[in-house]
Amino acid sequence: MSEHKDFLRTIVEEDLKSGKYNEVVTRFPPEPNGFPHIGHAKSIAINFGIAKDYKGHCNLRMDDTNPTTEDTKYVEALKEAIEWLGFEWEGEVRFTSDYFPKIYDYAIDLIKMGKAYVDSVNEEEMRELRGTVTEPGRRSKYAERSIEENLDLFERMKNGEFEDGAHVLRAKIDMSAANMKMRDPLMYRIRHAHHFRAGDAWSIYPMYDFAHCLSDYIEGVTHSICTLEFENNRDIYDWVLDTLGLEPPRPYQHEFARLGINYTVMSKRKLLELVEGGQVSGWDDPRMPTIAGYKRRGYTPESIINFCDQIGIAKANSMVDVAQLEFCIRDDLNTKVPRVLCVLDPIKVNIENYEGSEEIEAPYYPHDVPKEGSRKIPFSKEIYIERDDFMENPPKGYFRLTPEQSVRLRHAYIITCKEVIKDDQGNIVEIIATYHPDSKSGEDSSGIKVKSAIQWVSASEAKKVEIRLYDRLFKEEAPEGVEDINPDSLKIIQNALIEPAVITEKCDERYQFERQGYFYADPVDYTDERPVFNKIVGLKDSWGKKSKEKKTTGKTEAKPQEKKVQIDGEVVPMTEAQEKLFTKYTDDLGLNSEVANTLARDDKLSYFYAETLDVLHSPVALANIVANDVARELKTKQLDELSFTPTQIAALIKMVDDETISSKIAKQVFEEMLKTGENPTDIVESKGLIQISDPAVILPIIEEVMEKNPDNVEKFRAGNTKLLGFFVGQVLKATGGKGNPSVVNKLVAQKLRS
RNA sequence: UGGGGUAUCGCCAAGCGGUAAGGCACUAGUUUUUGGUACUGGUAUUCGGGGGUUCGAAUCCCUCUACCCCAUCCA
């Protein structure tokens with residue numbers, strides 16, 4: 001766990017500390033109607049991660065309330081994904097369908113309370129009656145049915161006596177609720193459908209809003225964590241649990257922002273389209289953002305968990321850069337996997353002065369990876385190197401083989417180009433080179449300096465392999481659908497050449513092909529006759545970036561940084577009475593227009609202000625505290641709910657006016673009044689909050705603070721004037737907030753400058 | 001449009017009245033037989049805009065703006 005907790009962990013910690021719960025219980029509640037994707041991984045990491053961090057547990061629950069879309073194969077995919085990611089759920093996998101009998105009983109309780117009714121309008125009518133976001137809805141005439149009738153109808157719904165859609169069970173809440181979700185939400189609908197687990201036992205199925213909160217409660221979940229789009233549903237969640245009067249403790253719902261990644265689609269619907277439309281080979285196509293896809297591609301569970309930790313948890317909708325994910329897999333594999341040589345696009349090199357053959361012992365890991373292991377690489381007269389690693393007319397900064405520039409063959413000798421052989425079209429077909437016998441890796445006495453070492457394979461021993469080069473599936477940063485698909489997302493190289501040890505020794509399933517990237521032996525299509533490797537991710541390539549930049553210069557001119565223009569909207573005009581108050585405030589009482597505006601527009605505030613004014617004639621100071629601090633309280637409270645009176649506020653301000661206390665202390669006292677309702681004068685007295693203005697008292701404190709922070713004193717004197725605030729803050733803290741800020745401020749400035 | 005949310009660097013994200021954390025990306029340099037890795041440094045005088053309160057505001061107040069979610073018998 002990092003030192004900065006996310007907001008969910010903060011909540012959990014508080015709930016544990018306050019004794020609200022003894023143990024934290026979370027759950028991961030997917031609907032088994034699609035393969036889990038990396039967005040689910042985030043949710044998995046959160047739910048299982050929190051449970052683990054706070055020594056609680058996390059259930060896996062299939063939210064299978066819709067028999068028409070769900071299937072066992074998805075249950076298996078979900079279980080597999082969680083296990084692969086390295087988490088364990090508590091006990092058996094749970095199913096909402098297991099709770100159907102209990103949930104049914106709760107529905108009956110609600111009917112008996114008169115809090116639920118069977119409605120029989122058709123869908124169209126229901127939509128109409130629901131109203132719109134601006135207009136309230138109306139209840140259907142069926143809402144008036146008697147409890148007995150509702151009970152009877154509901155039982156017959158269960159018994160399958162009615163057609164799909166004939167009736168529904170609805171919660172009786174409020175058809176004019178501003179939250180549309182609360183307009184008598186549906187609890188049950190009739191579905192004569194076969195359920196993949198419950199079979200044909202039920203003709204009615206509970207809706208998400210009814211089943212989810214109850215399932216959480218039944219399982220003893222404490223923190224029901226879901227994504228932001230369920231914020232509006234939280235009211236129903238609470239309503240169901242509260243009106244049922246269930247024995248505490250009960251779960252509470254908390255929402256976080258779902259994960260978005262650029263160049264990726266994350267909705268189950270769109271993913272399903274790709275699978276069904278044949279744009280990908282299946283749910284586990286290595287280009288898919290599904291867990292199965294990443295797994296097949298070669299990602300490690302650690303890299304994905306790490307990614308989930310890095311991106312954090314918050315409530316702002318956000319779009320994470322794929323580069324962050326790519327960093328995570330590189331970072332993970334860097335210290336784990338063996339390095340080998342593979343040539344993707346071979347060009348033959350004939351080393352004319354080399355005869356015979358030899359085997360070169362080469363370590364699997366570079367000097368900075370503390371792992372042991374090596375293999376033998378055959379070397380001979382005829383080798384292949386990467387086509388990119390030779391250039392006849394190289395640009396400036398090219399480090400590889402050219403007619404003028406020698407290069408090292410990784411783990412082997414330095415070679416120099418002698419001649420280039422071309423075909424009729426001018427394509428290079430072979431390079432004639434010489435090697436330097438005294439330049440062998442590890443025993444180099446040639447003294448030749450080269451700028452780089454390149455990969456190569458011996459022609460006769462190299463093995464042919466198929467390489468699948470994957471790139472992002474979409475070419476648009478925020479893809480909409482198939483029209484945004486990247487046509488080059490998969491390139492298959494049939495005849496890449498790899499050093500033999502990779503095929504014969506198989507020391508791992510993931511490798512770094514040096515200078516190219518990380519690759520994974522495809523778990524499905526790989527055979528000894530036809531080895532297949534998937535590209536997981538490329539290495540960072542600062543040369544590729546640089547050379548590409550050169551080619552495209554001119555295209556990427558610095559775009560003019562447009563300044564966003566902020567449009568100021570219209571402010572609602574004041575009423576005549578407010579206008580009058582406003583002028584009184586500004587003209588007679590000398591308030592500034594902003595404070596006057598705030599006060600005049602709010603009845604509660606202006607009333608409260610007037611009351612304080614009756615007690616103390618200090619219009620400006622009173623206006624300030626009313627318009628700022630009292631206003632905060634009045635946002636959520638009514639006048640008669642306040643824990644303080646206008647008289648008390650006046651008394652508080654009087655002490656400020658007297659300079660008995662500073663305005664900083666006044667805030668502190670105000671907070672105390674909020675909590676205890678005590679008189680400000682009593683608070684000041686009992687806590688000894690009287691302001692310290694005597695320099696003789698303050699000066700030593702300043703000196704002490706400066707002594708403790710010599711670095712900052714120096715920085716300040718070097719010109720970092722921001723630090724003045726730091727010192728004032730420190731001194732004030734040392735006085736327990738009682739120092740007179742303006743005096744402290746002045747003295748600190750003086751002291752610092754002397 | 002009514003309600004519910006959210007705005008801090010190119011992308012994530014800490015911060016809860018007292019010096020604007022960190023990661024990715026970018027960039028310069030050191031090391032390097034991977035143009036990789038590692039290491040060192042540079043990247044926000046400013047927190048969506050404008051006002052106000054305060055000695056001091058990303059944090060408190062007012063106001064405006066932009067974006068997301070809600071009118072499925074989906075979850």
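Here is how names work: the chains are called A, B, and so on, in the same order as the sequence lines, proteins then strands, and each is numbered from 1.
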Whether each nucleotide of nucleotides 67-75 of chain B has a protein heavy atom under 4.0 Å at its base (B), only at its sugar-phosphate (S) or at neither (-) is summarised, 5' to 3', as -SBSBSBSB
In B/S/- notation (B base, S sugar-phosphate only, - none; protein heavy atoms under 4.0 Å), nucleotides 38-44 of chain B written 5' to 3' is -------
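Both Val320(A) and Leu724(A) lie close to RNA chain B; mapped to their nearest nucleotides by heavy-atom distance, the more 5′-ward contact belongs to Val320(A).
A salt bridge does not link Asp711(A) with Lys715(A): none of the charged nitrogens is closer than 4.0 Å to a carboxylate oxygen. Under a 4.0 Å N-O distance rule, the pair Glu499(A)/Arg410(A) does not qualify as a salt bridge. At a threshold of 4.0 Å, the pair Glu70(A)-Lys268(A) does not count as salt-bridged, since none of the basic side-chain nitrogens sits closer than that to a carboxylate oxygen. Between Arg27(A) and Asp216(A) there is a salt bridge, since at least one side-chain N of the basic residue sits less than 4.0 Å from a carboxylate O of the acidic one.
Rounded to whole Å, the distance from CG on Asp309(A) to C1' on rC24(B) is 15 Å. The separation between Lys451(A) atom NZ and rG36(B) atom P is 16 Å, rounded to whole Å. Between the C1' atom of rG4(B) and the CZ atom of Arg183(A) lies a distance of 14 Å, rounded to the nearest Å. Put simply, CD on Glu326(A) is 15 Å from C1' on rC12(B), counting in whole angstrom units. The separation between Arg330(A) atom CZ and rG36(B) atom C1' is 10 Å, rounded to whole Å. Rounded to an integer number of Å, the gap from CG of Leu723(A) to P of rG56(B) is 18 Å. When rounded to the nearest whole Å, the span between OH of Tyr585(A) and C1' of rG52(B) equals 16 Å. Atoms NZ (Lys715(A)) and C1' (rU19(B)) sit 7 Å apart, rounded to a whole Å.
In terms of polar N and O atoms assigned as donor or acceptor, the side chain of Glu255(A) never comes within less than 3.5 Å of the base of rG5(B) in a complementary pairing. For Lys722(A) and rU46(B), a side-chain-to-base donor-acceptor distance below 3.5 Å is present, hydrogens and geometry of angles not being considered. The base of rG56(B) does not come close enough to the side chain of Asn745(A) for any donor and acceptor atom to sit less than 3.5 Å apart. Taking only distance into account, the side chain of Gln566(A) meets the base of rG48(B) through a donor-acceptor pair shorter than 3.5 Å. A donor-acceptor contact under 3.5 angstrom links the side-chain atoms of Ser441(A) to the base of rU33(B). Within 3.5 Å, no donor on the side chain of Glu594(A) pairs with an acceptor on the base of rU63(B), nor the reverse. Side chain Arg234(A) to base rG4(B): no donor-acceptor pair is found below 3.5 Å.
Under the side-chain contact (heavy atoms from CB on, under 4.5 Å) criterion, Phe230(A) pairs with Tyr208(A), Cys226(A), Thr227(A), Asn233(A), Gln253(A), sequence neighbours left out.
When heavy atoms are screened at a 4.0 angstrom cut-off, Gly725(A) is found touching base atoms of the nucleic acid. Residue-level contact check: Ile311(A) touches the backbone only, with heavy atoms under 4.0 Å from sugar-phosphate atoms and none from bases. Residue-level contact check: Gly517(A) touches neither bases nor backbone, having no heavy atom under 4.0 Å from any strand. If you check every strand for non-hydrogen atoms under 4.0 Å, Phe256(A) touches nothing. Using a 4.0 Å heavy-atom distance criterion, Gln455(A) is classed as making no nucleic acid contact. Heavy atoms of Thr134(A) sit under 4.0 angstrom from at least one base atom. Using a 4.0 Å heavy-atom distance criterion, Gln310(A) is classed as a sugar-phosphate-only contact.
Between the P atoms of rC64(B) and rC74(B), the separation comes to 39 Å (whole Å). Only the C1' atoms considered, rC73(B) is 31 Å distant from rC67(B), to the nearest whole Å. Rounded to whole Å, the P atom of rA44(B) lies 13 Å from the corresponding atom of rA20(B).
Two residues are said to be in side-chain contact when any heavy atoms from C-beta on lie closer than 4.5 Å; Gln310(A) and Cys328(A) meet this criterion.
Out of rC55(B), rG49(B), rG52(B), the shortest distance to the side chain of Asn592(A) is found at rG52(B). Candidate nucleotides rU19(B), rG36(B), rG48(B) were compared by shortest atom distance to the side chain of His367(A), and rG36(B) ranks first. For Asn712(A), the listed nucleotide lying nearest its side chain is rU19(B); candidates were rG36(B), rC60(B), rU19(B). Considering only the side chain of Arg339(A), rU34(B) comes nearest among rU19(B), rU34(B), rU6(B). Each of rG35(B), rG17(B), rC62(B) was ranked by its minimum atom distance to the side chain of Ser452(A); first place goes to rG35(B). When distances are taken from the side chain of Leu732(A) to each of rG18(B), rU34(B), rC61(B), the shortest belongs to rG18(B).
For rU33(B), neither phosphate oxygen OP1 nor OP2 lies less than 4.0 angstrom from any side-chain nitrogen or oxygen of Lys449(A). OP1 or OP2 of rU33(B) has not a single side-chain nitrogen or oxygen of Lys440(A) nearer than 4.0 Å. Within the structure, a side-chain polar atom (N or O) of Arg515(A) is placed less than 4.0 Å from OP1 or OP2 of rG35(B). One finds a side-chain N or O of Lys635(A) lying less than 4.0 angstrom from the OP1 or OP2 phosphate oxygen of rC61(B).
The aromatic ring of Phe399(A) sits over the base of rG35(B), with ring centres less than 5.5 Å apart and planes tilted by under 30°.
Note: Phe727(A) and Phe716(A) have perpendicular aromatic rings, judged against thresholds of 30 and 60 degrees for the angle between ring planes.
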Derivation and outcome, side-chain hydrogen bond (donor to acceptor under 3.5 Å, both in side chains), residues Glu31(A) and Asn33(A) = CA-CA 6 Å; Glu31(A) 183 189 13; Asn33(A) 69 345; 2.9 Å; yes
